[in-house]
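Report on the following structure.
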Amino acid sequence: MGASRVVSAQEYVEPQWKFYFAFEDATGARDTVWQVLDSAATDGLDPRFGEIPVELDPEKFNVWLPGGAEIYFKTYAMPLSYDIYMGIEANNYVLPITLSWDTALFRAPVLL
C-alpha cells in the first residue's frame with residue numbers, strides 16, 4: 001500500500017453546511033451563489049471555504065455577493081453563531097427571476 005497524505009486545513013476545508021441559491025431569469029440564463037456555515041469560518045475573506053473574488057462577464061446574467069467596490073464573490077462563509085444575512089446582487093437579467101435552493105436547508109439543525 002502507498003503512503004497516504006494528510007490534507008491540512010489550509011489546503012482544504014469541508015464545510016459543516018454549504019447551500020446553493022440558484023437563479024434563473026426569464027431568458028433561461030442561470031447563475032448560482034453559495035452560503036457556507038462553519039464554526040471555523042471567519043468574518044472576512046477566507047479562501048479555505050471558497051471565498052475568493054471572481055470576475056463577472058459583463059455580457060452575461062450574473063448573480064454575486066457584494067464584497068466592496070468592484071469586488072464580487074460567489075461564496076460567502078460565516079460562523080455558525082452568526083445570524084444568516086446575505087445580500088445578493090444581479091445584473092443583465094430579464095424579469096421575472098426564479099430562485100431555487102438546496103433542499104438541505106429544510107434539515108439543517110443550525111437553521112431550526
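If you're wondering where the values come from, they're calculated on a predicted model, not measured in any experiment.
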Could you check whether any side-chain heavy atom of [X] comes within less than 4.5 Å of a side-chain heavy atom of [Y], counting everything from C-beta outward?
{"X": "Tyr72", "Y": "Leu65", "answer": "no"}
{"X": "Lys18", "Y": "Trp34", "answer": "yes"}
{"X": "Val36", "Y": "Trp17", "answer": "no"}
{"X": "Val33", "Y": "Thr75", "answer": "no"}
{"X": "Tyr93", "Y": "Val63", "answer": "no"}
{"X": "Phe73", "Y": "Pro53", "answer": "yes"}
{"X": "Lys74", "Y": "Thr32", "answer": "no"}

(request) Output the distance between atom CG (Leu37) and atom CZ (Phe49), rounded to the nearest 0.5 Å. (result) 10.0 Å
Taking [Y]'s backbone N and O only, do any of them form a donor-acceptor pair with [X]'s side chain (distance below 3.5 Å, no angle check)?
{"X": "Gln35", "Y": "Phe19", "value": "no"}
{"X": "Asp25", "Y": "Val94", "value": "yes"}
{"X": "Arg30", "Y": "Phe61", "value": "no"}
{"X": "Asn92", "Y": "Asn62", "value": "no"}

(message) I need the minimum non-hydrogen distance between Pro79 and Ala41, along with the two atoms involved.
(response) CG-O, 3.3 Å
(message) Please find the pair of heavy atoms, one from Ile52 and one from Pro47, that lie closest to each other, and give the distance.
(response) CG2-CB, 3.8 Å
(request) Look at the side-chain heavy atoms of Ile, Leu, Val, Met, Phe, Trp and Tyr, link any pair under 4.5 Å apart, and say whether Trp64 and Phe23 land in one connected group. (result) no
(message) Assigning hydrophobic clusters by single linkage (Ile, Leu, Val, Met, Phe, Trp, Tyr; side-chain heavy-atom cutoff under 4.5 Å), is Leu99 placed with Ile88?
(response) yes
